[in-house]
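Reading through the structure tokens given below for one structure.
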Protein chains: 2
Amino acid sequence: MKVLNKDVDYAVRALVLMARNDKPATPVAGMRAEVRVSGPFLRKIMQKLQRAGFVHSVKGRGGGFSLARDPGNIRLSELVSALQGGIKLNDCASEGKLCGLHSACKLRPRLASMEGRLLEELAAITVKDLA
Amino acid sequence: MKVLNKDVDYAVRALVLMARNDKPATPVAGMRAEVRVSGPFLRKIMQKLQRAGFVHSVKGRGGGFSLARDPGNIRLSELVSALQGGIKLNDCASEGKLCGLHSACKLRPRLASMEGRLLEELAAITVKDLA
DNA sequence: CGTTAATGATACTCAAATAGTATCATTAAT
DNA sequence: ATTAATGATACTATTTGAGTATCATTAACG
Ligand code: FES
Ligand code: FES
């Protein structure tokens, strides 16, 4: 059972790459080889990062992407929220779909706190750490 | 992104139920209502638990399942291994399919240790705790 | 004995989530 | 005008998860 999806995986690689280069603008074409993913797919991910405010983009010839934030402050936990809507340990623990069993469920609170710790650990890792 | 699958979820409920009752044998028909799952599906899960040594089974009329181990020593981490083959934080961290990037990957070791901690936390929760 | 109520094993189908592609629109440098 | 880039979005394919169905085996009950 996987916890981090491909979007996050590729996003990390791309952001690390940008943090190392620190060019004014890197186009997708200039990243896809090193990130090891197809152009269109990486583009889709970069667009998500743009919408979520992690990167700036410049359209048109000579354009591309650049980091919008200090890499030392881009945390894995944030990427996880933005790119895959967080983490849920089980179905039950989320939203309103409590499993019927029970008001007195002893499992749910434990899972909730584990989830919290997991996110803290992810928050402790920044793009800078990985660059 | 989910971490615990339905098998684990239902298995926990069934085991907790059995730990509370402590009958010599509980048939699937006697659990499915409270576990809130279809008979055939629960049966499949119980069979996995049997193969993995968590429960005993008795065939034939009057048969059913019973705990094979002290509920205070059946740990969530074990159920996770037996029923869903463990947890992997990302694709990369598993098996031989390292992502090419890199011998010098800074992310992988961190994820590995997070995974370890997660499993420790799951190991700290027993069926008895939940009963 | 035969019927019934149970599990064992396994194959199969259905549904949902992930992963990836394709297309058209927009923008700006040359 | 052409080219090289992103924005938005619809679409397809693959994989994984969830759930069913079937047949075989076993043992109590009458
Ligand atoms: S497992 Fe659903 S509320 Fe506890
Ligand atoms: S992300 Fe694949 S080896 Fe680090």
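Proteins come first, then strands; the chains are lettered A, B, ... in the order of their sequence lines, and each starts at number 1.
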Could you tell me how far apart [X] ([atom1]) and [N] ([atom2]) are, to the nearest whole angstrom?
X       : N      : atom1 : atom2 : answer
B:Leu42 : D:dG19 : CG    : P     : 12 Å
B:Lys23 : C:dA6  : NZ    : C1'   : 15 Å
B:Ile45 : D:dG19 : CD1   : P     : 8 Å
A:Arg61 : D:dA4  : CZ    : C1'   : 6 Å
A:Asn90 : D:dA18 : CG    : C1'   : 15 Å
B:Lys48 : D:dG19 : NZ    : P     : 11 Å
A:Lys6  : D:dT14 : NZ    : P     : 15 Å
A:Lys88 : C:dA17 : NZ    : C1'   : 10 Å

Find out if a path of hydrophobic residues (ILVMFWY) with successive side-chain heavy-atom gaps under 4.5 Å connects B:Val12 to A:Met1.
->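 No, it is not one cluster - the side chains of B:Val12 and A:Met1 are not joined through contacts under 4.5 Å.
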Hey, any chance A:Val58 and A:Val55 share a hydrophobic cluster, counting ILVMFWY side chains that come within less than 4.5 Å of each other, even indirectly?
->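 No, no single cluster joins them.
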How do A:Lys2 and A:Gly62 order along DNA chain C: which one's closest nucleotide is nearer the 5' end?
->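 Going by which nucleotide is closer to the 5' end, it is A:Lys2.
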Answer yes or no: is there a side-chain heavy-atom contact under 4.5 Å between B:Met114 and A:Ile125?
->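 Result yes, sub-4.5 Å side-chain heavy-atom pair found.
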Report yes if some heavy atom in the side chain of A:Arg13 is under 4.5 Å from a heavy atom in the side chain of A:Met18; otherwise report no.
->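 When only atoms from C-beta onward are counted, A:Met18 and A:Arg13 do not touch, as no gap falls below 4.5 Å.
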Okay, side chain of B:Asp22, backbone of B:Ala19: is any donor-acceptor separation there less than 3.5 Å?
->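 No, the answer is negative, given that no donor and acceptor are paired below the 3.5 Å cut-off.
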Sub-3.5 Å pairs of nitrogen or oxygen atoms, protein against nucleotides 6-10 of chain D:
{"residue": "D:dT6", "atom": "OP1", "partner": "A:Val28", "partner atom": "N", "Å": "3.0"}
{"residue": "D:dT6", "atom": "O3'", "partner": "A:Ser57", "partner atom": "OG", "Å": "3.3"}
{"residue": "D:dG7", "atom": "OP1", "partner": "A:Ser57", "partner atom": "OG", "Å": "2.5"}
{"residue": "D:dG7", "atom": "N7", "partner": "A:Arg43", "partner atom": "NH2", "Å": "2.8"}
{"residue": "D:dG7", "atom": "N7", "partner": "A:Gln47", "partner atom": "NE2", "Å": "3.1"}
{"residue": "D:dG7", "atom": "O6", "partner": "A:Arg43", "partner atom": "NH2", "Å": "2.5"}
{"residue": "D:dA8", "atom": "OP2", "partner": "A:Arg51", "partner atom": "NE", "Å": "3.3"}
{"residue": "D:dA8", "atom": "N7", "partner": "A:Gln47", "partner atom": "OE1", "Å": "3.1"}

Check salt bridge (charged side-chain N to carboxylate O under 4.0 Å, His left out) between A:Arg51 and all other residues, then give those that pass, not counting sequence neighbours.
->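 By the salt bridge (charged side-chain N to carboxylate O under 4.0 Å, His left out) rule, A:Arg51 matches no residue at all.
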